[in-house]
Q: 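Below are the structure tokens for one structure; questions will follow.
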Amino acid sequence: MNQFLKILFFFFITSIAFAKTSEQQKLEEKKAQILKEIADNKARLESEKKKEKSVLKQIDQQKGLISLRQKLLNTTAKQTRLLSDDIYLTQLEMNKLNRELKVLREDYEKMIVKSYKSRNEQSRIMFVLSSENFLQAYKRIQYMKQYAGFRKMQGEEIKEKQKRLVDAEKRLTESKKEKEIVLKQTEKEKQELEKEKQEQERLVK
């Protein structure tokens with residue numbers, strides 16, 4: 001994969017992660033609003049029960065509660081799907097980074113070994129002095145400079161990818177924890193929905 005495609009892939013993953021974070025925030029706000037509506041609806045229903053008002057009105061309010069609970073479940077389901085997508089994409093990114101790091105480390109190790117073998121300053125001088133003419137000597141000096149620069153660049157790229165890998169691992173852990181919380185919330189809401197349905201059946205009888 002050439003450098004352009006690598007950069008493109010990185011920005012693609014980053015933009016998706018940002019979009020999903022924004023969507024998650026919107027869903028959290030929606031959940032908070034639905035929970036407020038549920039609390040208000042329950043308060044009104046309890047007030048109606050105490051006043052012993054029309055059973056039909058209570059049933060109607062109970063239906064409203066059930067509808068709100070279902071909306072809340074739909075919202076948490078969307079959150080779960082988003083988190084699952086985020087976990088999958090983050091894992092893909094980590095796999096890609098691990099493959100790239102493996103290749104970079106192998107190449108870097110070969111360069112270090114080659115550099116170690118020719119570490120003697122005298123051998124480098126002899127490499128230049130053994131040139132057949134000035135142009136060849138100049139090219140050899142440039143080659144040594146480029147080689148040193150490339151080795152430094154490889155080292156920096158390894159560090160950069162290691163940092164990205166650590167960030168991805170942290171993001172993956174956070175997404176998994178968040179998904180676990182949302183799944184627990186979903187189970188709780190399912191139980192609450194079942195209670196609301198049972199209460200509706202009781203009112204109808």
Q: Could you tell me the separation between the CG atom of L97 and the CZ atom of R164, rounded to the nearest 0.5 Å?
A: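 Nearest 0.5 Å value for the CG-CZ distance: 5.0 Å.
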Q: Please check if L165 and L104 belong to a single hydrophobic cluster, counting links between Ile, Leu, Val, Met, Phe, Trp and Tyr side chain heavy atoms closer than 4.5 Å.
A: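 In one cluster: yes.
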Q: Where do K163 and D167 land on the salt bridge (Lys or Arg N to Asp or Glu O under 4.0 Å) test, with the steps shown first?
A: CA-CA 6 Å; K163 182 182 180 302; D167 291 342; 3.2 Å; yes
Q: Checking N41 side chain against E37 main chain: does a donor-acceptor pair fall under 3.5 Å?
A: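 Answer holds: no.
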Q: Rounded to the nearest 0.5 Å, what separation is found between the NZ atom of K184 and the OG1 atom of T76?
A: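 So the gap between those two atoms works out to 15.0 Å.
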Q: Does a side-chain heavy-atom distance below 4.5 Å link Q185 with V182?
A: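 Of all side-chain heavy-atom pairs linking V182 with Q185, at least one is under 4.5 Å.
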Q: Is any side-chain heavy atom of R105 closer than 4.5 Å to one of Q162?
A: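 In short, these two side chains touch, coming nearer than 4.5 Å.
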Q: State, with a plain yes or no, whether a side-chain heavy atom of Q24 is found less than 4.5 Å away from one of E178.
A: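 Heavy-atom side-chain distance check passes, below 4.5 Å.
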Q: Check step by step if salt bridge (Lys or Arg N to Asp or Glu O under 4.0 Å) holds for K190 and E187.
A: CA-CA 5 Å; K190 283 180 180 177; E187 283 305 309; 3.8 Å; yes
Q: Please confirm whether the backbone N or O of L172 pairs with a side-chain atom of S175, one donor and one acceptor, at under 3.5 Å?
A: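 Not at all, since once roles are kept as given, no pair shorter than 3.5 Å links the two residues.
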Q: Would you sort out whether E100 and K96 count as a salt bridge (Lys or Arg N to Asp or Glu O under 4.0 Å), showing the intermediate values?
A: CA-CA 6 Å; E100 290 176 353; K96 177 178 173 292; 2.6 Å; yes
Q: Do the side chains of L68 and L72 get nearer than 4.5 Å, heavy atoms only?
A: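 Counting from C-beta outward, L72 and L68 never come under 4.5 Å.
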Q: If you round to the nearest 0.5 Å, how far is CD of Q79 from CG of L27?
A: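 Here the interatomic distance stands at 5.0 Å.
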Q: Tell me, with the steps shown, if K78 and E23 meet salt bridge (Lys or Arg N to Asp or Glu O under 4.0 Å).
A: CA-CA 10 Å; K78 286 179 182 177; E23 186 66 23; over 6 Å; no
Q: To the nearest 0.5 Å, what is the distance between CG on L73 and CD on E192?
A: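 L73 atom CG to E192 atom CD measures 10.5 Å (nearest 0.5 Å).
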Q: Rounded to the nearest 0.5 Å, how far apart are CD of Q33 and NZ of K71?
A: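 Output value for this atom pair is 8.5 Å.
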Q: Looking at residues at least two apart in the chain, or sitting in another chain, which of them share a salt bridge (charged side-chain N to carboxylate O under 4.0 Å, His left out) with K31?
A: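 Salt bridge (charged side-chain N to carboxylate O under 4.0 Å, His left out) list for K31, sorted by chain: E28.
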Q: Starting at CD of Q62, measure out to CZ of R202 and round the result to the nearest 0.5 Å.
A: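 Output value for this atom pair is 8.5 Å.
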Q: Taking the side chain as C-beta and beyond, is there a heavy-atom pair between E194 and Q191 under 4.5 Å?
A: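 In short, these two side chains do not touch, never coming nearer than 4.5 Å.
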Q: Given side chains that start at C-beta, do those of I66 and R69 come closer than 4.5 Å, heavy atoms only?
A: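 In short, these two side chains do not touch, never coming nearer than 4.5 Å.
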Q: One thing to verify: whether K102 and E106 come together as a salt bridge, which I'm taking to mean a side-chain N less than 4.0 angstrom from a carboxylate O.
A: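 Answer for the salt bridge query: yes.
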Q: Looking at side-chain heavy atoms only, is the closest gap between K177 and T173 below 4.5 Å?
A: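 Yes, side chains in contact.
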Q: Can you see whether K179 engages S84 through a side-chain donor-acceptor pair at a distance of less than 3.5 angstrom?
A: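 Yes.
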